[in-house]
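Only one structure is covered here, and it is reproduced in the block below.
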Amino acid sequence: MAKGTLTLTMIKPYAVEHGYVGPILARINEAGFRITAMKYLQLSPRQAEAFYEVHRGKPFFERLTKFMCDGPIVAAILEKENAVDDYRSLIGATDPTKAEEGTLRKLFGASIEHNAVHGSDSDENALRESDFFFSQLERF
Ligand code: CMP
């Protein structure tokens, strides 16, 4: 089978703390994504700021980067045809109150700032974000 495209996801501290890692990974598998890399880690403030560099200067930047360091996260590279767009459909709108029924952010997110998961917003960012977390030796 031809190799699909990639997207990068993070299951955020709120969702990890509430025991949602298993349910979220199950839905990722059921939706046809292949996990090509995965790790469990806690970001430092510097790492969170580097990951979200594009949002520096926005009103929510400090709260976002602090929240992302509150506890461990799961980071994973997902492979599928049309991975970026299909994963964004699976996770739903950034704000859980606006996300469609059945989406990961609707099911498992608390608020726009404490949402459950991250998904890359373009193929270019998917590559940058995958390189942020994983070396070639960690991808399968
Ligand atoms: P994420 O997909 O991780 O990418 C950037 C994050 O910033 C986003 O999820 C939200 O958690 C947060 N975010 C985006 N827009 C807003 C906003 N308008 N207000 C607060 N937080 C936001």
Side-chain angles (χ1 to χ4, degrees):
M1 200 170 74
K3 275 205 147 189
T5 55
L6 304 179
T7 193
L8 184 284
T9 190
M10 293 184 286
I11 303 175
K12 299 188 181 186
Y14 171 88
V16 171
E17 188 187 322
H18 285 78
Y20 299 149
V21 171
I24 289 172
L25 291 177
R27 283 169 171 82
I28 287 171
N29 279 329
E30 284 157 16
F33 292 89
R34 194 174 77 81
I35 295 170
T36 73
M38 184 160 68
K39 62 175 70 164
Y40 191 48
L41 74 153
Q42 185 159 1
L43 289 169
S44 69
R46 275 182 65 177
Q47 289 168 332
E49 287 166 18
F51 184 89
Y52 282 117
E53 189 60 39
V54 292
H55 294 299
R56 192 182 285 279
K58 294 190 183 158
F60 56 83
F61 180 75
E62 259 113 57
R63 289 191 301 275
L64 169 65
T65 53
K66 183 178 176 304
F67 165 62
M68 289 303 295
C69 301
D70 272 356
I73 62 164
V74 173
I77 304 176
L78 309 178
E79 183 188 64
K80 187 181 183 297
E81 257 179 61
N82 207 26
V84 167
D85 287 344
D86 284 5
Y87 192 60
R88 289 176 75 78
S89 299
L90 181 68
I91 68 182
T94 309
D95 183 347
T97 64
K98 299 194 178 115
E100 290 198 10
E101 291 301 326
T103 59
L104 298 183
R105 283 168 167 168
K106 182 74 172 189
L107 288 165
F108 304 114
S111 67
I112 188 165
E113 294 198 356
H114 290 189
N115 66 12
V117 293
H118 167 82
S120 307
D121 65 3
S122 66
D123 289 337
E124 187 190 352
N125 278 338
L127 295 182
R128 182 185 73 80
E129 292 171 1
S130 296
D131 289 345
F132 181 90
F133 282 109
F134 300 100
S135 75
Q136 290 304 326
L137 286 172
E138 296 171 310
R139 304 178 191 200
F140 301 93

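Because the structure is a prediction, the values reported are computed rather than measured. Just so you know, ligand 1 is whichever comes first in the structure, and atom 1 is the first atom listed for that ligand.
- Electrostatic pairing of D95 and K106 does not count as a salt bridge here, judged by no charged N lying under 4.0 Å from a carboxylate O.
- Here's the thing with I112: one of its N/O atoms is less than 3.5 angstrom from an N/O atom of ligand 1.
- With a 4.0 Å heavy-atom cut-off, ligand 1 is reached by the side chain of K12 but not by its N, CA, C or O.
- Between T94 and ligand 1, no N or O atom pair is found at a separation short of 3.5 Å.
- A heavy-atom separation below 4.0 Å is found between R105 and ligand 1.
- For ligand 1, the atoms lying closer than 4.0 Å to a non-hydrogen atom of Y52 are 1 (P), 3 (O), 4 (O), 5 (C).
- Atom NZ of K98 is surrounded by 12 or fewer heavy atoms from other residues, nucleotides or ligands within 6.0 Å.
- Close contacts between ligand 1 and E113 involve ligand atoms 11 (O), 20 (C), 21 (N) [criterion: under 4.0 Å to a heavy atom].
- Contact annotation: for H55 versus ligand 1, heavy atoms closer than 4.0 Å belong to the side chain alone.
- Between E53 and R56, at least one side-chain N (NZ, or NE/NH1/NH2) sits under 4.0 Å from a carboxylate O, which counts as a salt bridge.
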Could you list the donor-acceptor pairs under 3.5 angstrom formed between side-chain atoms of residues 14-29 and any protein atom two or more places apart in sequence or on another chain?
| unit_1 | atom_1 | unit_2 | atom_2 | d |
| --- | --- | --- | --- | --- |
| H18 | ND1 | Y14 | O | 2.7 |
| R27 | NH1 | P23 | O | 3.4 |

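- E129 and S120 form a side-chain donor-acceptor contact under 3.5 Å, judged by distance and modelled atom types alone.
- When F60, F51, F61, F67 are ranked by how near their heavy atoms come to atom 14 (C) of ligand 1, first place goes to F60.
- Sorted by first and then second residue, the ring-ring contact (aromatic ring centres under 6.0 Å, His included) pairs with a member in residues 83-107 read F33-Y87; sequence neighbours excluded.
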